J.: 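Got a structure here, written out as structure tokens. Questions coming.
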Amino acid sequence: MENRSKDFLRRVVEEDLKAGKYQEIVTRFPPEPNGFPHIGHAKSISINFGIAKDYQGRCNLRMDDTNPTTEDTQYVEALKDAVQWLGFKWDKEVRYTSDYFSKLYEYAIKLIKMGKAYVDSLPEEEMREYRGTVTQAGKRSKYANRSVKENLELLEGMKKGEFKEGEHVLRAKIDMASPNMKMRDPLLYRIKHAHHFRAGDEWAIYPMYDFAHCLSDYIEGVTHSICTLEFENNREIYDWVLETLELEPPRPYQHEFARLNINYTVMSKRKLLELVEKEVVSGWDDPRLPTIAGLRRRGYTPESILNFCEQIGVAKANSVVDVAQLEFSIRDDLNPKVPRVMCVLDPLKVTITNYEGSEELDASYYPHDVPKEGSRKVPFSKEIYIERDDFMENPTKGYFRLTPEQPVRLKHAYIISCKEIIKDEQGNVVEIKAEYYPNSKSGSDRSGIKVRSAIQWVEANEAKEIEVRLYDRLYNKEIPEGIEDINPNSLKVVKNALIEPAVITQKPDIRFQFERHGYFFADPVEYSDEKPIFNRIVSLKDSWAKKKKTDRTKPKTEPKKVQIDGEVTPMTQEEEARFEKYTNELKLNSEVANTLARDKQLSSFYEEALTTYSNPVNIANLVTNEVARELKSKTIGELKFKPKNIANLIKMVDDETISTKIAKQVFEEMSRSGQEPQKIVESKGLVQISDPAVLLPIIEEVMAKNPDNVEKFRAGNSKLFGFFVGQVLKATKGKGNPKVVNELIKEKLNS
RNA sequence: UGGGGUAUGGCCAAGCGGUAAGGCAACGGUUUUUGGUACCGUUAUUCGGGGGUUCGAAUCCCUCUACCCCAUCCA
């Protein structure tokens, strides 16, 4: 964690802290209690609680319960449970948006009094029409100019239930022509004669997300309101509400990240619900589902999920994470923790003809590389079962297990070799007659026999029967579309697997590694001593199975796709004239001339600069690059520097007082402070160093400090040239004349 | 089509003008009484495309392209 780079959210938090914007960081996890949480929620939980933890802040758990028709307490419980299971503690009590209904109502009244909200009575359909489209502006409802008094009375009536659903709504008065659809007078309240699972029947109106969320954040003192990308368009309302209400600072700000997607599964509430309702899965806790309940029943640990969330990172690009990453995180977590036991899923009887009686073998629960103590007794006799595919009559090349010619070690026991194969009428192998080597006992092997593999087994009479549920990915397709993409083999039930008795009688743990199979979990719901049931959490990595199946991954070198350039909008006459002048008279290259000509502000800035100092090309270059950047976020009036400053800056570059690198630095300072470039150079001592006598010792020092890189460079790694230039420039605080430095380094390095 | 976003290896993802981090996956090898683990090594002359600026560009400028989100009285 120490050296890991911070994600963009943490960077924002740190900057805000540094700027003294907040005393303490407060985040929140704000689900709507209308469904079961899934691993996507886990990501959000991990981010919100994780940030609070990292910066000694706090994180609230808030139920965003503003829609009484979809929400329910069972989901509240599931959500609370999920957070706790993942190991987080929310600050104080669980919060509910419904607790703020009265406060929210007060804010609505304030907005009406400010003339910023009105009761609209347009029928639903008409309201939609009035909203316009993405390309066409909407128009305001005629009800928008109701008096404050009338609005107040109407809202009160709505609240009291005097109107039918749909009759009126409260809307913010913002801008029906806004390019952001969300800002076209968004709804603040709607009438709903519904029973709320907490607020009861007190309210006949309920606040909308856009009104309730920002204010709930504010009420709770939240500083960083972190949500997913689809709310980017809502940020403008978030800010509008908080700003318009003129609330006392500090106030929260919204930041968005990309929601989690994983391949071969689905994450949307709608699709998850469909699976449950159509009984494709057994319920919300079906171990194949990416729900927290499902993952948990499957046997995933909270640690593994948290690690997974940390591994995948937080960013703003929509992405689909490979399930292999999730599988890795659970294997990685369980490997050093969990006891190894022997289980045979598909038994093949082996009779050891030269063994008489029985014995109990000592067997450690953990392999040599897991530093944990613990062992059990494993019964052994002449009748045992091994895995059917651990024997092959006609082995393929590279097969390490038992064959007529190849002996194999029974893990924790003896080496055996096959003496006879018994088959039924169909020719299926039903039993192996084998012989064991008495002096090959595990731990005291003096047989000198070399085996290529050790396999698991169980003693025939003592073994316990168990049910094993083998789970695989739910869908066949990486990005599944619907039920038609379901993997028909996502669940395989093995009714009569055999397991060594200690697992059932001693119960050393609830999670195990069934040796050479995978990690398994005693099903928390259906397991009983009479009928033990184990879920496969994840299989072991199996490079043998892979080698058999996939006939070498084909080298998938896709040819680079050719991109077709779209059309560029033609220049106006005025632009054309400027372009001509710039290319012909001032000798600018066409690219620079083009951008300058097309931008009225830039070109007038440029031409004014030319009146101070006439180097059309160099000034144009700086204006089209650096000045253009500043103009992206500011208007020309807001710029701290003037065209003549730019001209003077170029003059200093031209007479080699400063390098272009320094010029950029000076430019930045100029746009911050508005100082004259000469002053900046003077006060900061930025005059460039071109004297080889000064530069050479520095170069030698850099080379002396990086002898390996010098060697690599001389061996042909020419990329490192930039490294040396960079180091030298760093040592001179950027003041070295890069051209001279380049020359000198080239000389030194090649000598 | 207006607005808001996003593009770095097979999948995530750092990077903020000076040597293209890291994890997963894959592929070799060593160790191994798990074809597991661990360890070692290999895998981007290039950052969506094209131009420009610069001694030097994934990073700055211009432009094009692709994908995601927004027109629920859902959140």
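This one's a predicted model, so the numbers in the text were calculated from it and none came from an experiment. Just so we're on the same page: letters track the sequence lines, and every chain starts at 1.
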J.: Answer with yes or no whether A/R452 presents, from its side chain, a donor or acceptor under 3.5 Å of a partner atom in the base of B/rG35.
T.: no
J.: Closer than 4.0 Å, any side-chain N/O of A/R235 to the OP1 or OP2 of B/rG4?
T.: no
J.: Counting just side-chain N and O atoms, does A/T66 come under 4.0 Å of either OP1 or OP2 of B/rA75?
T.: yes
J.: Assess the pair A/F520 and A/F514: is the distance between their ring centroids shorter than 6.0 Å?
T.: yes
J.: Protein-nucleotides 66-68 of chain B N/O pairs closer than 3.5 Å?
T.:
| unit_1 | atom_1 | unit_2 | atom_2 | d |
| --- | --- | --- | --- | --- |
| B/rC68 | O2' | A/N318 | ND2 | 3.2 |

J.: Check the orientation of A/F713 and A/F721. Use parallel for under 30°, tilted for 30 to 60°, and perpendicular for over 60°.
T.: tilted
J.: So if I apply the side-chain contact (heavy atoms from CB on, under 4.5 Å) rule between A/K192 and each of A/T66, A/I205, A/N67, which one comes out positive?
T.: A/N67
J.: Looking only at the side chain of A/K664 (C-beta and beyond, no hydrogens), which of the listed nucleotides B/rA57, B/rA75, B/rC69 gets closest?
T.: B/rA57
J.: Return the nearest nucleotide to the side chain of A/E626; candidates are B/rC70, B/rC55, B/rC60.
T.: B/rC60
J.: Say we look at B/rU63 and B/rG3: how far apart would their P atoms be, to the nearest angstrom?
T.: 13 Å
J.: Indicate whether OP1 or OP2 belonging to B/rC62 is found under 4.0 Å from a side-chain N or O atom of A/K632.
T.: yes
J.: Return yes if a side-chain donor-acceptor contact under 3.5 Å exists between A/H517 and A/E387, otherwise no.
T.: yes
J.: Base of B/rC64, side chain of A/D565 - is there a donor-acceptor contact under 3.5 Å?
T.: no
J.: Choosing from B/rU37, B/rG56, B/rC27, which nucleotide comes nearest the side chain of A/D369?
T.: B/rU37
J.: Quote, to the nearest angstrom, the C1' distance that separates B/rU45 from B/rA58.
T.: 14 Å
J.: Counting only side-chain heavy atoms from C-beta out, which of B/rA75, B/rU34, B/rC12 sits nearest to A/M208?
T.: B/rA75
J.: Which of these nucleotides, B/rA75, B/rC27, B/rG36, is closest to any side-chain atom of A/S543?
T.: B/rG36
J.: When the P atoms of B/rA75 and B/rA13 are compared, how many Å lie between them, rounded to an integer?
T.: 29 Å
J.: Between B/rG4 and B/rU19, how far apart are the two C1' atoms, rounded to whole Å?
T.: 37 Å
J.: Please confirm whether any donor atom in the side chain of A/Q513 sits under 3.5 Å from an acceptor in the base of B/rG36, or the reverse.
T.: no
J.: Could you tell me whether the side-chain ring of A/F328 sits stacked on the base of B/rG23, using a centroid cut-off under 5.5 Å and a plane angle under 30°?
T.: no
J.: May I ask you to verify if any side-chain N or O of A/R190 is less than 4.0 angstrom from the OP1 or OP2 atom of B/rA75?
T.: yes
J.: Nearest heavy-atom pair of A/T595 and A/V592: which atoms, and what distance?
T.: OG1-O, 3.0 Å
J.: A/Y189 and ring-ring contact (aromatic ring centres under 6.0 Å, His included): which single residue from A/F163, A/F211, A/W203 fits?
T.: A/F211
J.: Has A/R131 got a side-chain N or O lying under 4.0 Å from the OP1 or OP2 atom of B/rC73?
T.: yes
J.: At less than 3.5 Å, do the side-chain atoms of A/K719 and the base atoms of B/rG18 form a donor-acceptor pair?
T.: no
J.: Which way is the base of B/rU53 turned, syn or anti, if we draw the line at 90° from 0?
T.: anti
J.: To the nearest 0.5 Å, what is the distance between CG (A/L631) and CZ (A/F605)?
T.: 8.0 Å
J.: Between B/rG15 and B/rC60, how many Å separate the two C1' atoms, rounded to a whole number?
T.: 16 Å
J.: Have A/R409 and A/S453 got a donor and an acceptor in their side chains that come within less than 3.5 Å?
T.: no
J.: Any donor-acceptor pair, under 3.5 Å, between the side chain of A/D322 and the base of B/rG10, if you only look at N and O atoms?
T.: no
J.: For A/Y209, what residues pass the ring-ring contact (aromatic ring centres under 6.0 Å, His included) criterion, not counting sequence neighbours?
T.: A/H213, A/F231
J.: According to a strict under-4.0 Å criterion, is A/R331 in side-chain N/O contact with OP1 or OP2 of B/rU34?
T.: no
J.: For A/K441 and for A/D65, locate the closest nucleotide of RNA chain B by heavy-atom distance; then report the residue assigned to the nucleotide nearer the 5' terminus.
T.: A/K441
J.: Is there ring stacking between A/Y209 and B/rA75, where the centres must be under 5.5 angstrom apart and the planes under 30 degrees?
T.: no
J.: Considering just the side-chain nitrogens and oxygens of A/N594, establish if one lies under 4.0 Å of OP1 or OP2 belonging to B/rG52.
T.: no
J.: In whole angstrom, give me the gap between the C1' atoms of B/rA44 and B/rG22.
T.: 15 Å
J.: Which value, rounded to the nearest 0.5 Å, describes the distance between A/L749 atom CG and A/L720 atom CG?
T.: 9.0 Å
J.: When the C1' atoms of B/rG23 and B/rU43 are compared, how many Å lie between them, rounded to an integer?
T.: 15 Å
J.: Does the B/rU33 base have a donor-acceptor partner in the side chain of A/R409 within less than 3.5 Å?
T.: yes
J.: Just N and O in the side chain of A/R598: are any of them under 4.0 Å from OP1 or OP2 of B/rC62?
T.: no
J.: Side-chain N or O of A/S659 versus OP1/OP2 of B/rC55: is the shortest distance under 4.0 Å?
T.: no
J.: Answer yes or no: side-chain N or O of A/N625 and base N or O of B/rG52 forming a donor-acceptor pair under 3.5 Å.
T.: yes
J.: Using the P atom as the reference point in each nucleotide, state the distance between B/rG48 and B/rC74 in Å, no decimals.
T.: 41 Å
J.: Between A/S590 and B/rG52, does any side-chain N or O lie under 4.0 Å from OP1 or OP2?
T.: no
